[in-house]
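These figures come from a predicted structure and were not determined experimentally.
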Amino acid sequence: MAFLSILYRFITNFAFMAVVYFSLNFMEKYPNRAILAILVLVYTAMRAGSTLRAFYFFQKIEKLEAETRRLQAPINDGSGGTSTRKQIVTDVARLRRDGELKSYMDLFFLALIVLLCVANIVRQ
């Protein structure tokens with residue numbers, strides 16, 4: 001399921017990049033192309049800001065994971081719930097890593113889209 005979510009994120013980002021590419025290349029008048037490129041740049045900046053905020057969130061989750069592991073060590077006195085707690089921490093760590101991977105993928109495609117837009121604004 002994790003692989004499918006990563007594949008879905010890749011396909012949607014690639015489709016967005018393809019739409020931007022074809023939209024900008026098939027516009028013949030420079031003012032229209034420039035306006036569209038600027039609007040896409042604004043949208044890309046908003047998405048990049050959101051993605052960077054997600055990295056801050058992932059950093060806080062990582063700190064909570066470390067703190068949970070530190071607090072869990074003395075508690076492992078043979079009670080029945082320790083394996084469940086370890087599994088929950090492991091699942092959270094895996095979900096955080098997958099989220100970070102998706103965020104890096106988003107930033108990569110957003111950077112490519114910014115390059116496309118700037119190239120089409122500069123090109124006459």
Checklist entry - How long is the gap from CG on Leu112 to CZ on Phe16, to the nearest 0.5 Å? => result 12.0 Å
Checklist entry - Measuring from Thr44:OG1 to Leu107:CG, what's the distance to the nearest 0.5 Å? => result 11.0 Å
Item to check | NZ-CG distance between Lys102 and Asn13, expressed to the nearest 0.5 angstrom | outcome: 11.5 Å
Checklist entry - Does any non-hydrogen side-chain atom of Ile121 lie less than 4.5 Å from one of Leu41? => result yes
Item to check | Rounded distance [0.5 Å steps], CD1 in Ile61 versus OG1 in Thr68 | outcome: 11.0 Å
Checklist entry - Are Gln87 and Asp91 close enough that some pair of their side-chain heavy atoms sits under 4.5 Å apart? => result yes
Checklist entry - If you round to the nearest 0.5 Å, how far is CD1 of Ile6 from CG of Asp98? => result 5.0 Å
Checklist entry - Is any NZ, NE, NH1 or NH2 atom of the basic residue among Lys63 and Glu67 found under 4.0 Å from an Asp or Glu carboxylate oxygen of the other? => result no
Next on the checklist: Is there a path of hydrophobic side-chain contacts, each under 4.5 Å between heavy atoms, that joins Leu52 and Tyr56?
Outcome noted: no
Checklist entry - Mind checking whether Tyr104 and Phe109 have ring centres under 6.0 Å apart? => result no
Next on the checklist: If hydrophobic clusters are built by linking Ile, Leu, Val, Met, Phe, Trp and Tyr wherever their side-chain heavy atoms come under 4.5 Å apart, do Leu116 and Met46 end up in the same one?
Outcome noted: yes
Checklist entry - Taking atom CZ of Phe58 and atom CD of Glu65, what is their separation to the nearest 0.5 Å? => result 11.0 Å
Item to check | Val118 reachable from Phe22 in the ILVMFWY side-chain graph, under 4.5 Å edges | outcome: no
Checklist entry - Is the closest side-chain heavy-atom distance between Cys117 and Val20 below 4.5 Å? => result yes
Next on the checklist: Tell me whether Phe3 shares a hydrophobic cluster with Tyr8, the cluster being built from Ile, Leu, Val, Met, Phe, Trp, Tyr side chains joined at under 4.5 Å.
Outcome noted: no
Checklist entry - Is any side-chain heavy atom of Leu36 closer than 4.5 Å to a side-chain heavy atom of Ser23? => result yes
Checklist entry - Would you find a donor on one side and an acceptor on the other, under 3.5 Å apart, between the side chain of Tyr21 and the backbone of Ile113? => result no
Checklist entry - Is there a side-chain contact between Arg123 and Asn25, using heavy atoms and a 4.5 Å cut-off? => result yes
Next on the checklist: Can you confirm whether Lys60 sits close enough to Phe55 that some side-chain heavy atom of one is under 4.5 Å from a side-chain heavy atom of the other?
Outcome noted: no
Checklist entry - Side chains of Glu28 and Arg33: does their closest heavy-atom pair fall under 4.5 Å? => result no
Next on the checklist: If you define the side chain from C-beta out and look only at heavy atoms, does anything of Tyr43 sit under 4.5 Å from Leu110?
Outcome noted: no
Checklist entry - Are Phe10 and Phe108 joined in one hydrophobic group, where the rule is that I, L, V, M, F, W and Y side chains link up if heavy atoms are under 4.5 Å apart? => result yes
